[in-house]
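Report on the structure given below.
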Amino acid sequence: FGFLLWICVDVNKAWLVESSIFIAACLFSEERQGTSLMHSPKATHFAVAVFILATRQAIPSLAFTSTTTRFHPVRFSSRQDQHSIVPRQLDPTSKNYFISSFPRRTTVPALRGKIGNDNDDDLTMSSTDNSSWLLSLSLPLWLVYISNQWSRSSIYYLVDFKEGADPFKAMNLDIGFSQAQYGLLASVAFTSLFAIASLGAGIASDRINRKTLTIGAALTWSAATIGTLLSQSYVQVVICRVLMGLACAFATPAAYPLIRQRAPPERVALATSAYGTGVAVASALASLSLIIDNQVGWRNTYGLVAVYGLVAAVLVALLLDDDPKESLPKADASLTSASSGETNPLAEIWPDVKEVFSTRRVQWIFIGSLFRFSSGLMIGVWSGTFFRMAFEGDQTSYAAAQAAISAIGASLSGIVGGATADWLVSKASESPDVVDPIGRRLWVVVAGTILAAPTWYFAVQTGQSFETAMLWLAAEYLVAECWFGPTISTLQSTVGPKIGGTAQGIFTLTGALANFAP
């Protein structure tokens with residue numbers, strides 16, 4: 001809580017809150033007898049406190065100031081008053097092209113730049129709105145993203161292929177399907193429509209009210225979850241899984257362009273990473289589904305997941321600001337003619353797709369993301385089964401450990417990764433010799449991915465203790481999950497707001513294709 005206050009509200013107040021919370025936590029947490037250090041509440045609170053306070057000291061520029069933007073990433077073409085001048089027109093090869101990473105309105109009133117379209121300004125928000133975006137933007141989108149990921153990943157923990165498993169707790173025995181069929185169910189069945197819908201969802205988000213898309217998608221995947229718990233055959237589960245994949249495809253293409261447009265410009269990567277932590281929280285909830293399953297069975301567990309999805313949809317309807325497309329300027333005349341039925345829909349879609357792929361950086365982001373998604377999904381689909389079989393006597397401990405690692409380790413990695421990426425951009429923007437400051441965000445991605453491979457390798461070595469395996473798993477999450485926010489924010493900054501949904505849809509499509517990897 002103190003950490004969020006520090007990022008979003010006021011650094012001085014947050015500093016006091018942080019200190020008070022962690023001092024109280026260390027003083028009043030109960031120490032259990034005979035627990036090891038990794039299970040000690042006091043040790044855990046102390047470690048988190050040290051990390052956050054050290055981060056606060058190491059990166060002081062992350063804190064908001066209440067009246068002005070910390071850096072102004074624009075170079076002017078003259079020495080006139082900055083309130084009355086317009087920056088010169090930029091092109092992708094220009095040294096000043098990094099202006100595209102920030103919305104057009106900042107604390108400099110007349111600050112304008114051209115990225116793809118002259119009318120970008122109405123799509124962005126003022127950077128002085130430093131607090132309202134948290135409640136009206138990040139929170140509702142984050143809650144519905146948790147539902148998205150929990151609905152699709154809970155199946156990983158509701159199957160049990162060991163001999164003597166209870167059908168009440170293992171859906172594979174209750175429904176009747178094999179490991180091979182589970183692999184298809186967890187990947188291909190979900191991907192079949194998810195892949196097809198991803199690109200269409202991105203294009204739709206550029207043209208249709210994104211709030212409406214988000215609510216409709218959440219209601220649909222929740223309905224598919226209810227259908228799964230009512231299923232009596234493998235075919236019925238497959239149908240529900242396919243419908244869930246179709247609905248889940250509409251979440252991120254609607255969310256990330258909204259974040260890009262409405263979050264404070266100096267917090268784009270951080271806001272994106274914070275939204276991305278929904279994956280980590282949902283992964284933790286999916287891990288806890290194993291414990292819930294042991295108590296109430298797999299069908300009732302799915303019921304809980306569905307109820308949360310419905311609640312999340314209601315919260316989006318109540319909290320998320322509307323996204324009227326009437327204010328969206330048309331990119332070209334083809335859109336106007338298309339709206340009157342004079343143009344083939346493919347004729348208006350293809351130029352957007354072509355424009356997305358016109359930038360070399362975007363091409364490499366898509367290629368790298370395909371491999372990164374593939375490795376992450378292989379781990380997600382099979383790690384639960386592996387650790388349950390490798391440590392059969394520690395299933396409850398594994399569920400708790402996996403939940404803690406996902407919720408804390410992955411979320412911390414995502415938030416710190418996004419904050420570090422924004423800090424690197426701010427530092428690079430101060431140097432006249434840096435040609436491409438927004439590219440610095442990808443340094444975080446490269447470093448985290450390189451470190452993730454060996455830590456995962458050590459996590460799955462046989463013959464080691466359960467505690468050692470979980471420590472390596474925690475290390476893997478800490479270094480691996482920092483990639484998402486910097487990657488998305490770099491992608492959105494590169495393509496601009498007019499085709500942000502289309503770009504996000506293609507990015508989601510790479511994740512959909514990666515579902516074939518498991």
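For the single chain, residues carry numbers from 1 onward in sequence order. These numbers were taken from a predicted model, which means no experiment stands behind them.
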Does Phe371 have more than 12 heavy atoms from other residues, nucleotides or ligands lying within 6.0 Å of its CZ? no
Nearest non-hydrogen partners of Leu478 and Ser413, listed with the distance: O-OG, 2.7 Å
If you draw a 6.0 Å radius around OH in Tyr457, do more than 12 non-hydrogen atoms from other residues or ligands fall strictly inside? no
Could you check whether atom NZ of Lys354 has more than 12 heavy atoms from other residues, nucleotides or ligands sitting under 6.0 Å from it? no
Minimum heavy-atom distance Trp483-Ser369, with the two atoms named: CZ3-OG, 3.8 Å
If you compare all heavy atoms of Ala217 against all heavy atoms of Ala247, which two are closest, and at what distance to 0.1 Å? CB-O, 3.4 Å
With the side chain counted from C-beta on, respond yes when Cys482 and Val416 share a heavy-atom pair under 4.5 Å apart, and no when they do not. no
Please answer whether the main-chain N or O of Lys162 pairs with a side-chain N or O of Arg388 as donor and acceptor at a distance below 3.5 Å. no
Output for pair (Asn300 CG, Lys169 NZ), nearest 0.5 Å, gives 13.0 Å
Within the structure provided, determine whether Ser283 and Tyr156 are in side-chain contact (heavy-atom separation under 4.5 Å). no
Here's a test for you: under side-chain contact (heavy atoms from CB on, under 4.5 Å), which of Leu290, Leu473, Leu288 qualifies with Gln402? Leu473
Side chain to side chain, Ser289 and Tyr302, heavy atoms closer than 4.5 Å: no
Is there a donor-acceptor pair closer than 3.5 Å between any side-chain N or O of Glu481 and the backbone N or O of Gly276? no
Is any side-chain heavy atom of Ile488 less than 4.5 Å from a side-chain heavy atom of Gln504? yes
I'd like to know if the side chain of Glu476 and the backbone of Thr455 have a donor-acceptor N/O pair within less than 3.5 Å. no
Above 12 or not: heavy atoms from other molecules or residues under 6.0 Å from CH2 of Trp142? no
For Gly501 against Asp206, the heavy-atom pair lying closest together: N-OD1, 2.9 Å
Check for a donor-acceptor pair, side chain of Arg372 on one end and backbone N or O of Ala480 on the other, with a separation under 3.5 Å. yes
Side chain to side chain contact (heavy atoms under 4.5 Å, CB included) evaluation trace for Val362 with Val356: CA-CA 7 Å; Val362 172; Val356 169; 3.9 Å; yes
Trp221 vs Phe250 side-chain heavy atoms within contact, under 4.5 Å: no
Passes side chain to side chain contact (heavy atoms under 4.5 Å, CB included), Ile146 versus Tyr308? Steps please. CA-CA 9 Å; Ile146 291 173; Tyr308 175 80; 3.7 Å; yes
Spatial distance of atom CG (Asp394) from atom CE (Met470) [nearest 0.5 Å]: 9.0 Å
For the pair Leu246 and Thr220, evaluate side chain to side chain contact (heavy atoms under 4.5 Å, CB included) and give the outcome as yes or no after the intermediate values. CA-CA 9 Å; Leu246 172 64; Thr220 303; 6.0 Å; no
State the CG-CD1 distance between Leu310 and Ile226, to the nearest 0.5 angstrom. 5.5 Å
Does the side chain of Val316 reach to within under 4.5 Å of the side chain of Leu143, using non-hydrogen atoms? no
For the residue pair Tyr145 and Tyr275, is the inter-centroid distance of their aromatic rings smaller than 6.0 Å? yes
Which side chain to side chain donor-acceptor pair (under 3.5 Å) pairs, counting each pair once, include a residue from residues 225-254, with sequence neighbours left out? Thr252-Thr508
Nearest 0.5 Å, what's the OG-CH2 distance between Ser287 and Trp150? 11.0 Å
Can you name the nearest heavy-atom pair linking Phe190 to Cys248, along with the distance? CZ-CB, 3.8 Å
Check whether any side-chain N or O of Ser493 sits under 3.5 Å from a backbone N or O of Thr490 as a donor-acceptor pair, and report yes or no. no
With Trp298, which of Asp293, Asp160, Asp166, Asp174 fulfils side chain to side chain donor-acceptor pair (under 3.5 Å)? Asp174
Run Val296 and Thr301 through side chain to side chain contact (heavy atoms under 4.5 Å, CB included) and show every step you take. CA-CA 7 Å; Val296 300; Thr301 302; 3.9 Å; yes
Within the 6.0 Å centroid threshold, strictly below: Phe507 and Phe373: yes
With a 4.5 Å cut-off on side-chain heavy atoms, are Val353 and Thr502 touching? yes
Please check this pair: side chain of Ser406 against backbone of Ala403, looking for a donor-acceptor N/O pair closer than 3.5 Å. no
Does the Arg210 side chain pair with the main chain of Ser205, one donor and one acceptor, at a distance under 3.5 Å? yes
May I ask you to test the Met171-Phe177 pair for a side-chain heavy-atom distance under 4.5 Å? yes
Nearest 0.5 angstrom please: Thr510 OG1 to Ile365 CD1, how far? 10.5 Å
Measure across Ala401 and Phe466 and return the closest heavy-atom pair with its distance rounded to 0.1 Å. CB-CZ, 4.4 Å
Nearest 0.5 Å, what's the OG-CG distance between Ser151 and Leu285? 10.5 Å
Is the side chain of Thr277 donor-acceptor paired with the backbone N or O of Ala280 at a distance under 3.5 Å, no angle test? no
